[in-house]
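Read through the structure below, which is laid out as structure tokens, and then see the notes.
Along the sequence shown, the residues carry numbers beginning at 1.
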Amino acid sequence: QVQLVESGGGLVQAGGSLRLSCVASGRTFSVYAMGWFRQVPGKEREFVAAIKWSGGSTYYADTVKGRFTISGVNAKSTVYLQMNSLKVEDTAVYSCAATRRSYFSTSASDYDYWGQGTQVTVSS
């Protein structure tokens, strides 16, 4: 099992920045990639970004490309999501997830472990 704990959410004005963190523990040797997803009430979970556990390769949703940056350090078992130029429509519960599959996926169903989520609210 892999345990994931997010932190860093909060309230920010449009145009501002936040950095989310996700600390992984447990059987992290089985993790291939980490991802961030977000969800608003009444909508499906939406892919945001993913990074290979060993670092380097990243993948972003078009809606956040150029504004968000995912990074992570294997040795620290922590993945970050730096969110800049935030928009009201970025408001959601953000969750980190881990997959054992050996490919990047934007589908939530391909991720095996999930954190509890952290609320991000962007005000106008």
Side-chain angles (χ1 to χ4, degrees):
Q1 289 281 11
V2 175
Q3 293 79 42
L4 304 174
V5 179
E6 305 100 331
S7 61
L11 173 65
V12 64
Q13 286 192 325
S17 299
L18 279 176
R19 189 176 82 157
L20 306 182
S21 300
C22 175
V23 178
S25 61
R27 300 172 67 87
T28 57
F29 62 84
S30 66
V31 174
Y32 173 79
M34 299 286 292
W36 284 97
F37 288 78
R38 64 187 183 186
Q39 189 171 25
V40 296
K43 291 191 175 181
E44 289 191 359
R45 197 169 269 169
E46 176 190 14
F47 171 79
V48 176
I51 185 169
K52 195 174 178 180
W53 178 253
S54 59
S57 299
T58 58
Y59 189 78
Y60 295 93
D62 288 340
T63 52
V64 305
K65 201 173 293 183
R67 299 188 299 122
F68 291 11
T69 302
I70 188 171
S71 62
V73 179
N74 187 359
K76 294 184 179 180
S77 297
T78 302
V79 176
Y80 304 97
L81 185 67
Q82 178 66 43
M83 305 185 293
N84 298 329
S85 302
L86 282 161
K87 304 176 181 180
V88 172
E89 50 265 40
D90 293 320
T91 295
V93 174
Y94 284 72
S95 299
C96 72
T99 180
R100 295 173 298 179
R101 291 161 177 76
S102 57
Y103 54 86
F104 275 131
S105 175
T106 62
S107 174
S109 62
D110 284 338
Y111 286 76
D112 305 290
Y113 307 104
W114 290 85
Q116 81 286 354
T118 184
Q119 176 71 46
V120 171
T121 303
V122 184
S123 63
S124 59

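- Each of Phe104 and Val64 belongs to its own hydrophobic cluster when Ile, Leu, Val, Met, Phe, Trp and Tyr are linked at side-chain heavy-atom distances under 4.5 angstrom.
- Qualifying side-chain contact (heavy atoms from CB on, under 4.5 Å) partners for Tyr111, counting only residues two or more places apart in sequence or in other chains: Phe37, Phe47, Ala50, Ala97, Thr99, Ser105, Trp114.
- The hydrophobic cluster containing Leu18 also contains Leu81, counting ILVMFWY residues as joined when their side-chain heavy atoms lie under 4.5 angstrom apart, directly or transitively.
- The side-chain contact (heavy atoms from CB on, under 4.5 Å) search around Gln119 returns Thr91, Val93, Thr121, not counting sequence neighbours.
- Listed by chain and residue number, Gln3 satisfy the side-chain contact (heavy atoms from CB on, under 4.5 Å) test with Ser25 (two or more places apart in sequence, or in another chain).
- Interatomic distance, Ser30 OG to Gln1 CD, rounded to the nearest 0.5 Å: 9.0 Å.
- The CE atom of Met83 sits 11.0 Å away from the OG1 atom of Thr69 when rounded to the nearest 0.5 Å.
- Identified under the side-chain hydrogen bond (donor to acceptor under 3.5 Å, both in side chains) test for residues 50-59, with sequence neighbours left out: Trp53-Asn74.
- The stretch residues 111-124 participates, sequence neighbours left out, in these salt bridge (charged side-chain N to carboxylate O under 4.0 Å, His left out) pairs: Arg100-Asp112, Arg101-Asp112.
- Under the 4.5 Å side-chain heavy-atom criterion for Ile, Leu, Val, Met, Phe, Trp and Tyr, Val79 and Val2 are members of the same hydrophobic cluster.
- Closest approach of Phe68 and Val48 over heavy atoms only: CD2-CG1, 3.7 Å.
- Judged by distance alone, with hydrogens and angles left aside, the side-chain atoms of Glu6 form a donor-acceptor pair with the main-chain N or O of Cys96 at under 3.5 Å.
- Under the 4.5 Å side-chain contact rule for hydrophobic residues, Tyr60 and Ile51 share a cluster.
- Listed here is the closest heavy atom pair of Ser77 and Thr28: OG-OG1, 4.4 Å.
- In this structure, Glu89 CD and Thr63 OG1 are separated by 9.5 Å, a value rounded to the nearest 0.5 Å.
- For the residue pair Ser124 and Ala14, the shortest heavy atom distance occurs at CA-CB, 4.5 Å.
- In terms of heavy atoms, Val88 sits closest to Ser123 at CG2-C, 4.1 Å.
- In this structure Arg45 satisfies the salt bridge (Lys or Arg N to Asp or Glu O under 4.0 Å) test with no other residue, sequence neighbours excluded.
- Using a 4.0 Å cut-off between charged side-chain N and carboxylate O, Asp90 and Lys87 make no salt bridge.
- Distance check, rounded to the nearest 0.5 Å: CD of Glu46 to CZ of Arg38 gives 4.0 Å.
- Linking ILVMFWY residues whenever their side-chain heavy atoms come closer than 4.5 Å, directly or via other members, leaves Leu86 and Tyr80 in distinct clusters.
- To the nearest 0.5 Å, atoms CD (Gln39) and CD (Glu44) are separated by 8.5 Å.
- Of all the heavy atoms in Ser85 and Ser17, the pair that sits closest is N-OG, 4.4 Å.
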